[in-house]
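All ligand and atom numbering here is 1-based and tracks the order in the structure.
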Amino acid sequence: MAFWKPGTEKPRFVEDEEGGIVFLSSSLPSSSSGYGFTSMEKQRQRLPVYKHRTEILYLVETHATTIVVGETGSGKTTQIPQYLREAGWADGGRVIACTQPRRLAVRSVATRVAEEMGVNLGEEVGYTIRFEDHTASGLTSVKFLTDGVLIREMMDDPLLTKYSVVMVDEAHERSISTDILLGLLKKIQRRRPELRLIISSATIEAKAMFDFFNSSKRRRVQEQEGDKKGPILEPAILSVEGRGFDVKIHYVEEPVSDYVRTAVSTVLLVNEREPGGDILVFLTGQDDIEAAIKLLSEESESSKQRKSSGLLALPLYSGLSRAEQELIFAPTPRGKRKVIFSTNIAETSLTLEGVVYVIDSGFSKQKFYNPISDIENLVVAPISKASSRQRAGRAGRVRPGKCYRLYTEDYFVTQMPGEGIPEMQRSNLVSTVIQLKALGIDNILGFDWPSPPSPETMIRALEVLYSLQVLDDDAKLTSPTGFQVAEIPLDPMISKMILASSELGCSEEIITISAVLSVQSIWVIARGIQKDLDDAKLRFAAAEGDHVTFLNVYRGFLDSGKSSQWCYKNFLNYQSMKKVIEIRDQLRRIAQRLGIPLKSCDRDIQVVRKAVTSGFFANACRLQPHSNGVYTTVRGSEEVYIHPSSVLFRVNPKWVAYHSIVSTDRQYMRNVITIDPSWLTEVAPHFYKNRQHPTVP
Ligand code: CDP
Ligand code: MG
């Protein structure tokens, strides 16, 4: 593998087709790299957004919606909420909200802003993420939260009356929650003209945001009637120049075949040749990340010690426990160099102060939903230019940096898509529909979406919710099931499974299973350990399938006194197991709040399987006779296979239900449980009775 070398034949900074605004921004005076010596206040004033402070405040004062366009690092997230507060938007007990698509970002920016303001986190500056509230009511005036949490707050306070300004940050990411939030905020504005919105977005999505907020009926009325009361309804757009530090982009000269291996060798190359500074590597998921860390550690054990000396490898993905995620923010010990192997969880918002080098694999795991087959796949797919820019941006936050892209420049320029498809248009919308229903939005098809999902997807979602008995014949939430399912902040199929377990007397077991399904994998994932891992799994394997196996693992973990040694011996990921315990505790609290009795069925596995079927009947599959492992989904007759990681791999029971599908060469079912087909018509009569499915009894 070869990269263009700094200062040699080929250009190192690349102007992309949008005019090079991204990587050619001018440097700040070098004195700003003397961080640590300058006061916080001076640092704040050096950020590009500071020059626009007055302008921003003026626009927010006069416009209902202000769109702030700026590349990463200009100071949008950390500064704008503070400007608003300084200008009085938090007076009289009002609150300024700033949303982020990711939990990790919420925590980290809130911490930073509290630090800049010299206050304790959780007092004037607070944050809320799912299962975690660090705010003090009556005291917190600047609140960071995920878009999802703000949507949930609308269940209690539909007009978000305590907020004076809502800043929707990273709107260009177009996560489902961001899109729903934008639609809802637009509705709220009609009822609460005094509410101000700030939409922060990368250049590429700004036009879409403008069009969305410009199309309001009220604005047309305002224009026709010459109404001068209240803020101007046409959105304002303000452009803030990019961050202060250059990031030099290097491309590979030839396409790479194994990005994990190439990423690791690039880490070694940087370590060998480049001056100090941490490295952030973007891979796709826990599996890649653990494979990369293993490769790197093998490398250090091998003869080429020098190349990897002083490297400190850290994983970063959403399934890790909070403590382990926070390691990435800890200062790097002297003489060491941190290497953070991350999913796109670190792609936006975060400032990792020591990171100088970014290695971008060019891939991420993305959801793709097909309403015809009704299968939502998680696939490793190429990222967009917008994402690759965000990734590179992580290198230039506090000083100049370098980004090594593991794809060719030609690929970047000619083939990489400019922007991703909004998550809304490539996801199963069961959760979305139930959220909107819970907010009293009945006409889902007529909802004002920033990017409307396909009607087929909507109809599929309504159909599943109806079968889950969450919606009634009039497509209204049922009581209590529908309201309870909406209340549990999990996938409705899991929530329904929990409710069913309450009747079946196995809520303790089902809550454990739900917690395990909420982490990416409880098993250690690494290359070259397959045989040992399979042996370890056999020690816990249950003939009924993966869900029941999880119960065995969980019991073993408790019996061991939650020992990390025990996990190590059994090829279990200790961090994931700790996370399971955390989530399990939270789910038990929610269950109690909803009046679900916590009961164990001891070893009566039949009821556990039935409870799982009550939630996941739509994912039922049947083995094709004489087929050697080919299954078809009962619902869409799609061909699927049991994933090799399942304890039922090669066992091939006749009837199963799966939790999710991953696609590589084939569509594989992950986390599979055996079911009794007669339960299908019992738990979901609407779903299975009236269908033309000869395969269903
Ligand atoms: O939101 P945007 O990308 O525009 O920038 P920001 O998150 O507000 O951060 C602006 C700058 O503040 C970063 O580029 C860093 O220079 C600095 N910062 C920092 O040094 N440490 C943090 N934890 C957060 C921000
Ligand atoms: Mg930001």
Side chain or backbone of Arg112 under 4.0 Å from ligand 1, or both, or neither, by non-hydrogen atoms?
side chain

Taking atom types as modelled and ignoring hydrogens, do the side chains of Tyr317 and Glu290 form a donor-acceptor contact shorter than 3.5 angstrom?
yes

Among Gly73, Gly396, Pro81, which one has a heavy atom closest to atom 2 (P) of ligand 1?
Gly73

Salt bridge present between Glu324 and Lys578 (N-O < 4.0 angstrom):
no

Is Val49 touching ligand 1 with its side chain, its backbone, both, or neither, if touching means heavy atoms under 4.0 Å apart?
neither

Tell me whether the count of non-hydrogen atoms from other residues, nucleotides or ligands lying under 6.0 Å of OH in Tyr411 goes above 12.
yes

For Asp169 and ligand 1, does the shortest N/O to N/O distance drop below 3.5 Å?
no

Is a salt bridge present between Arg107 and Glu326, judged by a nitrogen-to-oxygen distance below 4.0 Å?
yes

Ligand-residue contact atoms, ligand 1 with Ser74, heavy atoms, under 4.0 Å
2 (P), 4 (O), 5 (O)

Decide if atom CZ of Phe368 counts as having more than 12 heavy atoms of other residues, nucleotides or ligands within a radius under 6.0 Å.
yes

Lys76 N/O under 3.5 Å from ligand 1 N/O
yes

Would you mind telling me which of Glu86, Gln45, Gln82 makes a side chain to side chain donor-acceptor pair (under 3.5 Å) with Arg53?
Glu86

Name the option, out of Ser200, Gly75, Ala105, that contains the heavy atom nearest to atom 4 (O) of ligand 1.
Gly75

Below 2.8 Å, any N, O or S contact between Gln100 and the Mg ion (ligand 2)?
no

Which residue, Glu170, Arg391, Glu173, Gln100, forms the side chain to side chain donor-acceptor pair (under 3.5 Å) with Thr348?
Glu173

Heavy-atom distances under 4.0 Å are what count here, so tell me which part of Gln43 touches ligand 1: side chain, backbone, both or neither.
neither

